[in-house]
Amino acid sequence: MVRPYGRHMARSFLPTRPGRGPFAPDFWRSPLRGPRFTSVLGVVLLAGVTLVFVTGLLSYAAYNPGLAPVNDKTPGKGILGFYLFPWPTDPPWLYRLTQGVHVTLGLVLVPVLLAKLWSVVPRLFTLPPARSLTHALERISLLLLVGGALFEFTTGILNIQLDYVFPGSFYPLHFYGAWVFFGAFLAHVALKAPVAFRNLRRMREGTGERPDGLVAPRPGPPTVSRRGALGLVGGGSLLLFATSAGRSFDGPLRATAVLTPHGGPEPGGGPAGFQINKTAAYAGIRAAETTEEAWRLTVTGPAGTVRLSRAGLLGMPLHSAALPIACVEGWSTSDQWWRGVRLRDLAALAGHDDPVDVYVESLQRHGAFRRGALRANQVADPRSLLALYVNGEELTADHGYPARIIVPAAPGVLNTKWVARLTFGDL
């Protein structure tokens with residue numbers, strides 16, 4: 001018996017409704033998603049993230065963590081410190097370049113990263129969770145990659161903004177997070193790079209796009225083309241570059257760095273009108289302890305201990321060097337003219353015929369880098385000074401009066417201000 005055509009049959013001819021949850025294929029309806037769009041973003045991230053990671057490792061090496069415990073903020077790193085090497089002093093702008101690239105490129109990649117995460121979010125909700133061992137490895141690498149990327153970029157941006165709202169010290173969190181993220185990144189690249197380059201080749205050849213779980217089965221109406229979306233991502237990156245890169249320069253360009261604490265006009269004018277990180281007041285330096293009568297530099301080595309006033313230092317041979325200052329937060333200054341006593345001359349005064357490592361202590365009462373160590377090659381460089389003057393004038397309190405360290409290519413925190421003691425010898 002043939003059943004009459006009725007309402008229950010008519011329903012099968014009506015359009016099906018999109019899925020109501022993220023695990024339903026019809027839930028993700030953007031027509032922009034697809035292997036080509038994702039592949040373009042992935043290739044950009046492949047080059048950009050690799051460069052950010054390498055410059056981050058160079059920044060860590062610049063702190064000379066293998067030299068002395070005082071420099072090592074990640075003492076449990078084990079084999080993760082396999083690449084460490086004595087940080088050079090040439091070229092003198094090396095750290096300014098590597099850390100400027102690290103921070104600026106990290107900011108520029110934020111729109112690309114967010115677009116890439118958006119483009120692949122349907123894959124986080126595919127069922128079954130694992131169809132094969134390879135698929136399971138891909139899913140695990142994807143979860144670690146997404147979590148690690150969000151963690152690394154978030155902590156890095158917070159450090160740039162001087163907002164330390166995360167628990168613990170920035171240095172170990174960012175260091176170990178970088179290794180987790182990059183390990184997942186390498187695994188993901190090994191699994192997906194061939195597919196990405198194949199998709200780009202198809203794009204050049206003009207062949208069709210193959211569904212791979214990203215193409216929406218029931219796409220909604222487009223509001224922008226994929227080329228327009230890529231242009232929007234690129235425009236966002238250019239905007240971040242324009243509003244952050246200026247802090248790596250002096251003069252008018254610094255005023256364009258509106259998204260960073262060390263952007264805007266230089267602090268004051270005159271010989272001392274260049275960027276600082278911490279003021280004397282912030283470091284707890286009291287004016288009474290830096291007067292000519294009160295302050296003495298203690299120099300210790302095999303010859304014993306020598307205490308020098310500022311006048312005593314001025315009686316030694318003085319030398320000049322044009323050197324920049326560069327900070328882990330990505331900002332830097334152009335060359336400033338420093339004048340003072342060479343560190344290697346102070347090492348000789350302490351009884352060392354050849355330059356050796358030195359342990360530097362500041363009058364500063366709090367902060368992770370009120371003490372630091374420099375390698376023998378840094379002490380030996382003729383441009384490495386215990387500076388007493390900058391740009392022809394005495395140091396100001398905020399620039400480290402009565403004396404500060406200045407070493408070519410060293411991170412700013414190792415150019416210790418308000419120096420109180422130098423201990424030369426094995427550390």
Side-chain angles (χ1 to χ4, degrees), residues 51-103 106 152 155-156 158-160 162 164 168-179 182 248 262 277-278 283 323-333 343 355-362 364 366-381 383-384 400 404-419 422-423 426-427:
L51 184 54
V52 168
F53 182 72
V54 170
T55 52
L57 294 185
L58 291 176
S59 176
Y60 183 63
Y63 280 73
N64 289 323
L67 174 61
V70 70
N71 284 14
D72 193 355
K73 304 306 175 186
T74 55
K77 60 186 176 297
I79 62 171
L80 297 182
F82 70 92
Y83 63 92
L84 295 176
F85 56 92
W87 188 249
T89 57
D90 275 311
W93 39 261
L94 178 62
Y95 190 74
R96 185 184 190 192
L97 173 64
T98 60
Q99 194 60 12
V101 169
H102 178 74
V103 173
E152 282 300 286
T155 54
L158 288 174
N159 180 61
I160 295 167
L162 309 180
Y164 300 105
S169 170
F170 166 76
Y171 295 97
L173 289 174
H174 203 66
F175 176 80
Y176 293 121
W179 279 106
F182 200 69
S248 295
H262 295 293
N277 197 11
K278 295 181 177 65
L323 297 172
I325 295 178
C327 184
V328 69
E329 295 148 12
W331 65 265
S332 61
T333 73
L343 292 183
V356 292
D357 302 339
V358 62
Y359 180 59
V360 185
E361 297 175 77
S362 172
Q364 183 176 338
H366 56 83
F369 290 97
R370 62 187 182 276
R371 298 183 296 270
L374 298 171
R375 289 190 181 275
N377 68 304
Q378 294 173 311
V379 173
D381 194 293
R383 297 162 296 181
S384 296
R404 68 167 297 164
I405 297 292
I406 186 71
V407 172
V413 290
L414 295 182
N415 290 316
T416 309
K417 297 192 285 188
W418 313 293
V419 176
L422 299 173
T423 304
D426 296 333
L427 302 179

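Note that these values count all heavy atoms, side chains included, but never hydrogens, waters or copies made by symmetry.
With a 4.5 Å cut-off on side-chain heavy atoms, V328 and V413 do not count as touching. Contact of the H174 side chain with the E152 side chain is registered, since non-hydrogen atoms from C-beta on lie closer than 4.5 Å. Proximity of Q378 to I405: side-chain heavy atoms (C-beta onward) are nowhere separated by under 4.5 Å. Y359 has its side chain out of reach of N71: every pair of non-hydrogen atoms, C-beta onward, lies at least 4.5 Å apart. Side-chain contact between D90 and R383: present, with at least one pair of heavy atoms (C-beta onward) separated by less than 4.5 Å. Using a 4.5 Å cut-off on side-chain heavy atoms (C-beta onward), L97 and T55 make no contact. When side chains are defined from C-beta on, V103 does not count as touching E329, because their heavy atoms never get closer than 4.5 Å. Between Y164 and N159, some side-chain heavy-atom pair lies under the 4.5 Å cut-off.
Applying the side-chain contact (heavy atoms from CB on, under 4.5 Å) test between L374 and each of L343, T89, V356, N64 identifies L343 as the sole match. For the side-chain contact (heavy atoms from CB on, under 4.5 Å) with W87, the qualifying choice from V407, L58, L67, N377 is L58, the only one to do so.
No donor-acceptor pair under 3.5 Å is formed between the side chain of W331 and the backbone N or O of N277. Not a single donor-acceptor pair under 3.5 Å links the side chain of D357 to the backbone N or O of R375.
The OG1 atom of T74 sits 11.5 Å away from atom OH of Y171, with the distance rounded to the nearest 0.5 Å. Here the straight-line distance linking atom CZ of F369 with atom NZ of K417 works out to 14.0 Å at 0.5 Å rounding. Note that the CZ atom of R370 and the NZ atom of K278 stand 11.5 Å from one another [nearest 0.5 Å]. Note that OG1 of T98 is 11.0 Å distant from CG of L57, once rounded to the nearest 0.5 Å. C327 SG to Q99 CD: the interatomic distance, rounded to the nearest 0.5 Å, is 8.0 Å. With rounding to the nearest 0.5 Å, the separation of OH in Y95 from OG in S332 is 10.5 Å.
Pairing each heavy atom of N415 with each of A410, the nearest pair is ND2-O, 3.7 Å. Scanning all heavy atoms of the two residues, the minimum distance from A62 to L414 falls at O-CD1, 3.8 Å. Taking both residues in full, the closest heavy atoms of P88 and A409 are given as O-CB, 3.6 Å, listed atom of the first, atom of the second, then distance. Nearest heavy-atom pair, K73 versus P75, reported as atom, atom and distance to 0.1 Å: C-CD, 3.5 Å. Smallest separation of non-hydrogen atoms from P65 and A61: CD-O, 3.9 Å. Shortest non-hydrogen contact noted between S248 and G100 is OG-CA, 4.2 Å.
Proximity of the aromatic rings of W179 and F53 is defined here by a centroid distance below 6.0 angstrom, and this criterion is met. Taking the six-membered ring where the residue is Trp, the centroids of F175 and Y63 are separated by 6.0 Å or more.
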